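Once you've had a glance at the structure underneath, I'll fire off some questions.
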Amino acid sequence: MLPDSFLIYIVLAPGLAALTGLFHKWIGDRVVMAITTGVVMSAGALSLYQLFAYVAGLASGAAPEHHAGFDAYLTAGTDVASVQLKQHIITLMPWIHVGDFQANWAIRVDTLSIVMMAVITGVSGLVHLYSWGYMSEDPHKARFFSYLSLFTFMMLMLVVADNFIQLFFGWEGVGLASYLLIGFWYTKKAPNDASIKAFVTNRVGDFGLALGIMAVFFVFRSVEFGPVLEAIRTNAIVTPMAFAEALPARESVIVFFGERVYALELIGVLLFIGAMGKSAQFFLHVWLPDAMEGPTPVSALIHAATMVTAGVYLVCLLAPIYEYTFFASGMVALVGAVTALYAATVGMAQNDIKRVIAYSTCSQLGYMFFAAGIGAYEAAMFHLFTHAFFKALLFLGAGSVIHGMHHEQDMRRMGGLAKFMPLTYAAMMIGTIAIIGLGIPHTKLGFSGFFSKDAILESSFAGAMAGVSFAEVAFWFGLLAAFLTSFYSWRLIYMTFHGPAPHAAHDHHGADDHAHADDHHGHDHAHTPHESPAVMLIPLALLSLGAIFAGFYFYDAFVDGQNEAFWAGAIYRDAANHVLHDRHDVPEWVLWAPLVVTVGGFLIATFTYFFNRGVGARVAASGGPLHALFSNKWYFDEIYQATLVRGSAFLGNIFWRADRKIIDGIGPDGMAKLAGLGSRGLSRMHSGYLYHYAFVIIGAAIVFGAVLWLRSGGAN
């Protein structure tokens, strides 16, 4: 493990580097770009070194406590599945200390945080480097690089937190950074709308997360991960606030409107709602495709290494909660399975190259969630890890295409780019083969997606055999999504890189009237497509290596023979949870089914978009109900606009009118009006005539005299 000073540097340095953007007028854009890029890339190099050294230590046969240098933090039990958790806490400074409410600024170092630090800083460093070329003509480069580093810092604060409050700080900070980056071109309406949509949608999920954290403190009287998760692991007795009933943690209840609710179920559902918003799961997914209005490097960073992975990380980190719930874990599995299939159907009918890849992110996140929902947390984290390489590769490859096509994003206006952009084409091919999970079962022949995605599908089938909730649904939905993923991924390749040359393709579908996210320099079809500069191609080459070899190299550590030693208790599974191990005992056809559907999707896409390029256009032109459903994203935006948006506006108008007429009318406005009427009435008495004043004085004397006379007893 790296020394504490290096770990502190990895976490804090990107945040400090982000501050240089405040001084760009004095130090210049290039200095800000150099500092932020250098800091994040050096943090990435250290994080990747730490991860590789950790895995190399496993391969050498060293015990985790020796090669990792972790402190023994707690013991979860004696069974093999509940190995001793190895964790190292670096306390930076105290933060909130009020009774049982204890939260420090800290860095938690365990296998989960080591993996996430490597993913975040590794991808972010390459995105920083890539942005030197992609944003070269933008006049606000310093602000952009500062936002990228801020995004990286907030995500790091989230994944190294040792308590829910610091996690919530990073969680909200990532939301802020995404708002700034998605709306980076704030002079345009589309990016502004997209940034607000992302911010508001995430607030819905974050409300659930906040309630979940409150429920955790209410039940366990702590917001620190260690005591809370230890209580669940060991089933210790806990006494929720305001209740005298002390029960084991897994049986603890909360009385809600007279109903007794299992505490872990309620906590698990609320925390997952937060994960749904951040990781764009079904119902709260609508912000992610619109996030494409930001610059392409932002899309790569959000989709591959930050923000959307936070929800998956949260569920895996809090595995002890979901291990002992039925409804909450089933919800995770079902929502993930539905998202995987839903997003794949929509991705088939999109024509914006970035939106196709965006919906593939939603779909792949669905795989991760249903893996976690059935108890295969290690497989979920493995797919998160491999996905970072090929998704960043695909997005940065798409950015290279957009750059070479002079900021065109519509695939219907592309074609034949392979001969103009051979290196970008090669990178996109590698990313495509990785995301479809092409590989041969019983061998080590396959790209990274093959190892992680097949582990998820096999675990799902094993879970179905064991009777795990929604595991069978997850398997079949995941298999169908794999077919659709292959189809739309090869559709993207054929529409973009094969067929007629771009100048011949501009007029065969008509103009696309929507504003493209990266069209900040305007369309320019007068120039021939060109390959991107080296500063953009180097990140593609490095990510290609990860997309090819990451699955093969890390397979044993993440999900196979060495996974218990590798995770060292950072991911907890109950002794009865064997889905990851039982995937080795699934029927033979389960192993081959992903390859069959992947090849099937490839063949149909090849027939439709390579040998018969016009077939896809004719299907789209026919406007059938399925195509309309998929191309319009199942009408979620329209439904939300008609119900939630207009409904909220309607209620807002009602309350605004009630506030204006009743509260303001009777309250401050009414009192002011009454005072005005009184003052105008009294002012009429000030006529300036002496006899008027004498009349008032005499009248007042008579009235006051009569009152005194009556109070003294009157005639008596």
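What you see is a predicted model; the values in this text were computed from it and never measured.
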Inset, instruction - Grab the two heavy atoms, one from His383 and one from Lys453, that are nearest each other, plus how far apart they are. - result: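 Distance-wise, the nearest heavy atoms are ND1-N, 3.8 Å.
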
Inset, instruction - Describe, in one word, how the ring planes of Phe554 and Phe385 are oriented to each other, choosing from parallel (under 30°), tilted (30 to 60°) and perpendicular (over 60°). - result: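 It falls in the perpendicular class, over 60°.
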
Inset, instruction - Verify, without hydrogens or angle tests, whether Lys278 (side chain) and Gly205 (backbone) share a donor-acceptor contact under 3.5 angstrom. - result: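 Checked: no pair found.
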
Legend entry - Tyr640 atom OH, over 12 foreign heavy atoms within 6.0 Å: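 Enclosed.
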
Legend entry - Polar side chain donor-acceptor pair, His303 to Ser360, under 3.5 angstrom: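 Result is no, nothing qualifies.
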
Acceptor/donor pairs from residues 15-25 side chains to any protein atom, 3.5 angstrom cut, sequence neighbours excluded:
{"residue": "Thr20", "atom": "OG1", "partner": "Ala17", "partner atom": "O", "Å": "2.5"}
{"residue": "His24", "atom": "ND1", "partner": "Gly21", "partner atom": "O", "Å": "2.9"}

Inset, instruction - Quick one: list whatever passes salt bridge (charged side-chain N to carboxylate O under 4.0 Å, His left out) with Asp29, sequence neighbours left out. - result: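 Asp29 satisfies salt bridge (charged side-chain N to carboxylate O under 4.0 Å, His left out) with no residue once adjacent residues are dropped.
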
Inset, instruction - For residues His285 and Phe636, establish whether the separation of their ring centroids is below 6.0 Å. - result: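 Centroid separation for His285 and Phe636: below 6.0 Å.
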
Legend entry - Any donor-acceptor pair under 3.5 Å from Thr496 side chain to Ile493 backbone: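 Side chain of Thr496 to backbone of Ile493, a donor-acceptor pair under 3.5 Å: no, none is there.
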
Legend entry - Aromatic Phe199 / basic Arg203 pairing, under 6.0 angstrom, 45° off normal: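 Ring-cation test returns yes.
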
Legend entry - Whether Tyr553 and Phe52 hold their rings parallel, tilted or perpendicular, with breakpoints at 30° and 60°: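 Aromatic pair Tyr553/Phe52 classed tilted.
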
Inset, instruction - Quick one: sort the Phe184 and Tyr147 rings into parallel, tilted or perpendicular, breaks at 30° and 60°. - result: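 Rings of Phe184 and Tyr147: perpendicular, as their planes differ by over 60°.
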
Inset, instruction - Could you walk me through whether Tyr494 and Tyr609 pass ring-ring contact (aromatic ring centres under 6.0 Å, His included), step by step? - result: CA-CA 6 Å; Tyr494 293 140; Tyr609 291 96; 7.7 Å; no

Legend entry - Backbone N/O of Phe283 and side chain of Gln281: donor-acceptor pair under 3.5 Å: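 Here the side-chain-to-backbone pair does not exist.
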
Inset, instruction - Can you label the angle between the Phe497 ring and the Tyr425 ring as parallel, tilted or perpendicular, going by 30° and 60°? - result: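 Rings of Phe497 and Tyr425: tilted, as their planes differ by 30° to 60°.
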
Inset, instruction - Tell me, please, which residues at least two apart from Ser448 pass side chain to side chain donor-acceptor pair (under 3.5 Å). - result: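 Ser448 satisfies side chain to side chain donor-acceptor pair (under 3.5 Å) with no other residue.
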
